[in-house]
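As structure tokens, the structure follows; a few thoughts come after it.
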Amino acid sequence: MLLLGCGGVDAVPVDAPTDPTRCSSTIGDRRAPIELIPVALEDVVIADGDRVSLLAPPQGGIVLVAGVRAKNVDGCATQITAALRDPVSNALVGVETRPAPLYAGADGWGHPITPTFFALANVAVCPATAATRDIFDQPWIVEFQLEDGARRAVASRTITPTCEFVDPMWNCPCQCAAGSVGGTCGVPEPGVAAAPASN
């Protein structure tokens with residue numbers, strides 16, 4: 001896990017957008033409740049019913065990348081927990097917690113620092129060994145929790161994860177099928193490039 005330090009960053013008012021690669025220690029009013037907007041990779045807002053692409057990271061498997069924009073937080077002390085839950089059985093399929101540094105945007109919201117991949121939770125959901133139904137092309141609940149010290153806020157969205165933008169060599173439909181097991185979908189080993197297809 002990559003840990004991003006934000007020490008020594010001056011407080012920045014919400015009306016002064018900052019460097020998107022560095023966290024902002026003041027975003028809004030920390031005396032007010034934390035406000036959240038769930039986002040996916042590249043800081044794309046997630047609404048109920050959205051299709052959200054899964055991602056194949058270098059370490060292997062398939063992940064759901066999820067995080068938040070936030071107000072009324074110290075963007076250098078925020079931590080995100082994201083989880084994927086089955087809306088039918090209520091079973092938890094994957095969860096991850098990591099530091100979630102935010103920078104103050106011109107719109108007054110704290111946005112994930114760039115590259116956003118490192119500031120959003122990478123929830124390992126496939127191989128879907130624990131799932132009783134396919135991860136892709138079906139509705140799932142994503143739960144978001146943002147912590148700023150002892151303060152926290154939560155949100156959730158119903159989404160449909162999709163394999164449509166995952167490189168075919170990672171065989172997302174196989175890895176993300178209910179009950180799939182690692183090593184059975186013919187995908188490259190983590191960190192090893194796939195052999196070129198023969199003609």
Side-chain angles (χ1 to χ4, degrees), residues 1-2 20 36-69 80-98 100 105 109 111-146 155-199:
M1 177 185 299
L2 178 66
L36 301 182
I37 298 175
V39 299
L41 194 61
E42 305 303 333
D43 195 22
V44 175
V45 173
I46 300 174
D48 270 325
D50 278 355
R51 291 175 63 82
V52 177
S53 182
L54 297 167
L55 180 73
Q59 66 266 28
I62 305 286
V63 300
L64 173 70
V65 181
V68 295
R69 295 179 191 171
I80 183 73
T81 299
L84 190 69
R85 189 177 295 279
D86 188 331
V88 178
S89 68
N90 205 39
L92 196 62
V93 173
V95 62
E96 196 207 31
T97 300
R98 69 168 56 201
W109 286 88
H111 294 256
I113 65 165
T114 55
T116 59
F117 182 85
F118 297 114
L120 279 65
N122 292 214
V123 184
V125 293
C126 309
T129 307
T132 57
R133 60 195 188 94
D134 295 346
I135 300 294
F136 65 99
D137 293 342
Q138 298 195 58
W140 289 82
I141 296 172
V142 185
E143 299 172 340
F144 306 82
Q145 176 177 278
L146 188 75
S156 66
R157 295 288 185 270
T158 299
I159 65 161
T160 299
T162 173
C163 289
E164 60 191 320
F165 295 113
V166 179
D167 189 307
M169 76 175 176
W170 299 112
N171 202 349
C172 180
C174 177
Q175 290 199 72
C176 294
S180 63
V181 177
T184 61
C185 291
V187 300
E189 291 295 317
V192 177
S198 57
N199 293 332

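All values derive from a computational prediction rather than experimental measurement.
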I'd like to know if the side chain of Gln175 reaches the main chain of Trp170, judged simply by a donor and an acceptor atom lying under 3.5 Å from each other, with no hydrogens or angles considered.
yes
How many angstroms lie between atom CZ of Arg98 and atom CG of Leu120, to the nearest 0.5 angstrom?
8.5 Å
Could you measure the distance from the CG atom of Leu36 to the CZ atom of Phe144? Nearest 0.5 Å is fine.
9.5 Å
Correct closest heavy-atom pair for Thr158 and Pro139 would be CG2-CB, 4.1 Å
Any side-chain heavy atom of Val125 sitting closer than 4.5 Å to one from Pro161?
no
Minimal heavy-atom distance between Ala121 and Ala82, with the atoms involved, is CB-CB, 3.6 Å
Between Ser156 and Ile141 the two heavy atoms that sit nearest each other are CB-CG2, 4.2 Å
Kindly indicate whether the side chain of Pro112, heavy atoms from C-beta on, has any atom under 4.5 Å from the side chain of Phe117.
no
Nearest heavy-atom neighbours spanning Phe136 and Pro173
CE2-O, 3.4 Å
Determine yes or no for a side-chain-to-main-chain donor-acceptor pair under 3.5 angstrom, with Arg157 supplying the side chain and Ile46 the backbone.
yes
Any heavy-atom pair between the side chains of Pro38 and Val142 that's under 4.5 Å?
no
Restricting to non-hydrogen atoms, name the atom on Glu42 and the atom on Thr116 that form the minimum distance, rounded to 0.1 Å.
N-OG1, 3.1 Å
To the nearest 0.5 Å, how far apart are CG in Asn171 and CD1 in Ile62?
8.5 Å
Can you confirm whether the thiol sulfurs of Cys172 and Cys126 sit closer than 2.5 Å?
no
Supply the atom-to-atom distance Leu55 CG to Asn122 CG, rounded to the nearest 0.5 angstrom.
7.5 Å
Any side-chain heavy atom of Val44 sitting closer than 4.5 Å to one from Val39?
no
Donor-acceptor check, side chain of Asp50 to backbone of Val52, threshold 3.5 angstrom: yes or no?
no
Examine distances only and state if a side-chain atom of Thr129 and a backbone atom of Ser180 form a donor-acceptor pair shorter than 3.5 Å.
yes
Check whether any side-chain heavy atom of Ile80 lies under 4.5 Å from a side-chain heavy atom of Thr97, and answer yes or no.
no
Spacing of CG belonging to Leu64 relative to CG belonging to Leu41, to within rounding of 0.5 Å:
10.0 Å
What one should report as the nearest heavy-atom pair of Cys163 and Leu54 is SG-CD1, 4.4 Å
Quick one, Ser53 and Thr162 - any side-chain contact, counting heavy atoms below 4.5 Å?
yes
Backbone of Ala83 reached by a side-chain donor or acceptor of Glu143 within 3.5 Å
no
CD/Glu96 to OG1/Thr81 distance, rounded to the nearest 0.5 angstrom?
8.5 Å
Could you tell me whether the side chain of Trp140 and the main chain of Ile135 form a donor-acceptor pair under 3.5 Å?
yes
